[in-house]
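Have a look at the structure below before the remarks.
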Amino acid sequence: MKFKDRFSFSGTLIILILGVCLACPWVAPYDPYAIGGDIPFAGPSKAHWFGTDDLGRDLLSRILYGGRISILIAISATLIALIIGTLWGVTAGVRRGWIDEFLMRTADAMMAIPQILFALIALSAVGASVYSVPVVVGVLLSPTTARMARSAVVAELNADYVVAATASGVKRSRLIMSEVMPNIAPQLLVQLSINAAAAVMLEATLSFIGLGIQPPDASWGTLMLQGYAKIWNTYWFVAFPALAVTITILAFNAYGERIRVSLDSRRSSS
Amino acid sequence: MTKVLSVKNLSISVPSSQGRATVVDDLSFAIEAGKKVGLVGESGSGKSLTALALMRLIKSPVQIDAGQIFLGDRNVLSMDMQDFRHIRGNEISMIYQDPMSALNPIMRVGQQIVESIQLQSNATGRQARAIAVDHLASVGIPEPERRFDSYPFEMSGGMLQRVVIAIALSGEPKVLIADEATTALDVTTQDRVLTLIDKLAAERGLSVLLITHDLGVAAQFSDDILVMYAGKLVECGSVNQIFSQPVHPYTKALLDSRCDYTIDITKPIKSIAGQPPRPDNRPSGCVFSPRCEHAQPQCSASVPPLEFIQDRYTACFRAEDLFHIGQVN
Amino acid sequence: MRKFLIRRAASSAIVLAMSVVLVFVSIRLLPGDPVLAKLGAATEVTPEALKALREEAGLNRPLLAQLFSWIWNALHGDLGSSYHSQLPVAQLVSERIPVTLELTFFIILIAIIFALILAPLSTHRPGGRVDRIIGYGTSMGLSVPGFVIGIILILVFSLRLAWLPSRGYVPFTEDPVENLKLMILPAITGGLTATPYLVRYLRASMLEIKQSSFVRTAEGKGLSDRRILFRHILPNSLVPTLTMLGLIVGYTLSGVLVIEYMFGLPGIGSLAIESATKRDYAMIQGVSLTIIASFILTTFLFDILCGLVDPRLRLDKGEKSEV
């Protein structure tokens with residue numbers, strides 16, 4: 001991958017968002033939990049860039065801290081989806097036969113259940129927390145990753161270099177680890193970025209309907225839920241967290257798209 | 001004789017790594033009323049693009065750079081597209097290469113003819129259907145009434161090509177272009193479809209431009225022959241002159257390379273050495289010179305003009321001497 | 001056509017069965033005790049009372065037996081009764097269905113209308129300015145969560161302009177005008193969420209169809225651009241898009257849950273959220289079954305629609321005919 005592709009505008013934006021949110025204890029101007037720091041529902045001002053919430057807390061600080069939770073959940077969910085999905089898809093693609101059939105039909109069945117519904121079921125059973133949400137979201141995102149990994153592996157296994165290597169007696173498992181996996185890595189990176197976007201969206205949605213992160217913890221989704229309840233008082237309480245979520249999802253999707261396009265153009269030019 | 005269709009200095013180009021490459025280069029020819037003209041050449045010679053240009057079906061990134069196309073005395077290329085639409089399908093129409101994909105797969109074949117009929121007349125649905133059934137019958141489709149309601153996937157290639165012909169003729173055109181109309185069909189069907197076009201052309205006094213890479217088909221069908229090589233017209237004349245006494249070395253080579261089982265199976269088939277040049281890498285001078293066994297230094301120095309030699313037009317510096325050598329042999 | 005339907009129905013049934021099992025098993029296998037949930041954390045329970053309750057609920061039987069008896073009952077229209085209100089789940093669910101049905105119908109309608117306008121505009125000049133703007137728009141649309149679209153709409157149309165109500169529901173039979181007014185914002189929210197998916201697929205398949213030789217034949221006939229678009233390009237592009245539409249309805253159903261919740265519509269979606277919040281497992285199971293079944297049914301209906309548009313799909317083996 002070229003340098004230009006990796007550090008595009010969207011890539012820079014992602015790094016910026018990650019950096020600012022993860023460094024929130026040093027970046028945030030106020031304590032996000034300090035109640036009564038200022039008058040409630042104050043509009044954006046020099047002291048409070050994004051205004052204050054219903055309890056007079058600084059909204060910018062709350063969004064930064066909320067972002068840390070949202071981002072950490074997204075990252076862990078993405079990694080979980082990557083691990084489960086890759087194992088799932090690679091197993092299906094390598095073994096083929098009935099194992100493949102079973103694994104892929106299971107993926108179909110999972111994808112037939114609306115994601116939010118599946119998350120509702122799981123979260124109501126285990127209870128929503130900063131630990132269960134990423135696991136549930138990660139599991140939910142794994143079937144698409146599995147599908148992608150499977151088709152990539154099948155394509156690679158049929159490629160000439162693999163056929164030639166197998167013919168010359170290279171062991172299959174070694175071949176998969178040393179040749180096939182590095183070759184599907186770029187596609188996995190695309191999937192990783194798209195999954196991150198989907199994870200941010202899913203977490204926000206779940207928290208927005210009250211089944212994700214619970215107060216006093218607050219992710220972007222939780223903030224939006226609180227803001228939405230007070231939408232008749234102020235608009236910025238709901239608008240700023242919504243903006244944060246949307247920009248983050250856009251950045252991840254745009255980055256994924258960018259890598260995909262550069263992969264496609266490289267493939268078609270070679 | 002009146003010319004129904006004439007093409008003057010037509011040039012067509014496609015995008016290439018070095019800007020644009022000319023694929024049809026300064027092509028001129030004319031078709032007289034009621035004549036059948038065969039346009040032959042290898043694939044990539046520019047013959048199909050010429051056909052599409054006649055129908056104004058050339059689309060970006062391919063483009064017409066220069067030239068005029070006259071239908072009667074109207075310049076087709078400078079016409080407003082809205083006006084040309086009334087001519088297209090009505091005065092000039094076309095039969096396409098692959099009948100399997102030339103028809104809308106999810107529309108009944110009869111409906112696809114009706115569509116064309118209703119463009120030209122205010123026939124009601126029922127009248128148009130009756131006319132379409134007549135058309136289907138005239139192109140030799142059995143049980144046309146029933147076939148009207150068939151979908152393309154329910155019919156064979158030969159039958160589909162008949163439907164395509166029926167569509168092409170439904171506007172009662174004066175000029176019919178058949179672009180490799182029989183190539184995708186098997187040999188026996190090929191012959192039947194060709195005979196059908198021949199018959200319909202004779203009945204209706206159509207002028208036909210038959211585009212093919214198959215010299216046998218061209219010889220069997222045409223009055224006149226145009227030979228194209230690498231975007232250029234290299235020789236044209238009546239079918240007898242071209243086939244019995246070819247002058248241009250390319251035409252000659254093309255005739256020699258043809259498998260003709262009827263003549264002599266012990267005689268080896270000659271092939272033309274080398275490959276046709278790519279459009280972005282055309283040789284200087286005569287485009288055929290690098291492959292020509294009679295080439296001389298002047299051939300690659302300048303482009304030979306199309307000249308009237310021995311009762312046909314040909315673009316070869318050595319046409320006169322080669323003709324005499326041919327006579328001696 | 002019959003074989004086509006049977007084949008589709010069979011594969012739909014398999015996916016339905018698998019996902020029902022998946023839902024059932026995940027509720028039972030996940031940690032968290034349904035009986036405890038039923039009793040609520042507040043009450044003190046003796047182990048004996050817990051055991052009696054388990055037996056009563058049939059929870060001490062083997063998982064497979066539970067699954068089969070649940071499916072058996074479900075097939076007879078009995079989805080059990082709510083842990084909370086003790087009312088039959090089937091009754092509670094069926095009361096909510098009309099709302100969701102109406103909302104989903106409008107969402108799909110809006111998405112289709114938008115897609116049918118935007119995709120042809122986009123493919124008119126591929127790579128042109130309009131195409132690029134629509135392309136950016138769809139990329140944006142794919143990244144904006146449905147509820148954010150809803151929030152924007154409420155901020156603009158309810159708060160600022162005060163044109164439309166933002167919460168509540170009135171049955172169509174009681175007050176059609178009010179019902180439609182209340183449906184507008186939720187339907188547009190869902191419609192806008194589904195539109196980008198549809199536009200992308202429709203655009204891609206239209207571009208492909210535009211290159212095909214039968215479109216050239218149609219042009220060669222001298223047909224007008226509009227007729228070529230509506231009679232040749234669009235119908236052929238719709239076939240793959242309709243199949244996609246089934247899947248998009250799946251995404252939409254996810255969205256419907258949230259939309260009903262945020263706009264206070266008493267449909268299946270808000271019922272699902274309520275019962276999840278109350279940990280009412282009998283309800284969750286019943287609601288899930290309803291939602292999954294309706295999703296699969298819609299996919300099936302779209303498959304039939306595909307068959308109606310494309311005669312090749314209706315083809316039964318052995319029917320492929322003569323000459």
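Convention: sequence-line order gives letters A, B, ...; per-chain numbering from 1.
- The shortest non-hydrogen separation linking A:P114 to C:I292 is CD-CG1, 4.5 Å.
- Comparing C:L142, C:V21, C:V148 by heavy-atom pairs within less than 4.5 Å of chain A, the highest count is held by C:V148.
- Closest approach of A:S124 and C:A276 over heavy atoms only: CB-O, 3.3 Å.
- Taking each heavy atom of A:I249 and C:P145 in turn, the nearest pair found is CD1-CG, 3.7 Å.
- Of the candidates C:L257, C:V287, C:I284, C:L257 is the only one forming a side chain to side chain contact (heavy atoms under 4.5 Å, CB included) with A:L120.
- Residue contact with chain C, scored on non-hydrogen atoms closer than 4.5 Å, involves the side chain of A:F118 exclusively.
- Minimum interatomic distance between A:Y228 and C:F263 (heavy atoms only, all atoms of both residues): OH-N, 4.4 Å.
- Using a 4.5 Å cut-off between heavy atoms, A:T106 touches chain C through backbone and side chain atoms alike.
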Report task. Apply side-chain contact (heavy atoms from CB on, under 4.5 Å) to C:I151 and A:F208, showing your working. Result -> CA-CA 12 Å; C:I151 287 171; A:F208 182 73; 4.3 Å; yes
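- We find the CD1-OG1 distance between A:I209 and C:T277 to be 7.5 Å, quoted to the nearest 0.5 Å.
- Contacts between A:L225 and chain C at a heavy-atom distance below 4.5 Å involve the side chain alone, from C-beta outward.
- A heavy-atom distance below 4.5 Å is not found between the side chains of A:L211 and C:Y261.
- One finds the CZ atom of A:R105 at 9.0 Å from the CD1 atom of C:I14 (value rounded to the nearest 0.5 Å).
- With a threshold of 4.5 angstrom between heavy atoms, A:A204 approaches chain C through its backbone and through its side chain.
- Smallest separation of non-hydrogen atoms from A:L117 and C:S288: CD2-CA, 3.8 Å.
- Residue C:I154 touches chain A through its side chain alone, counting heavy-atom pairs closer than 4.5 Å.
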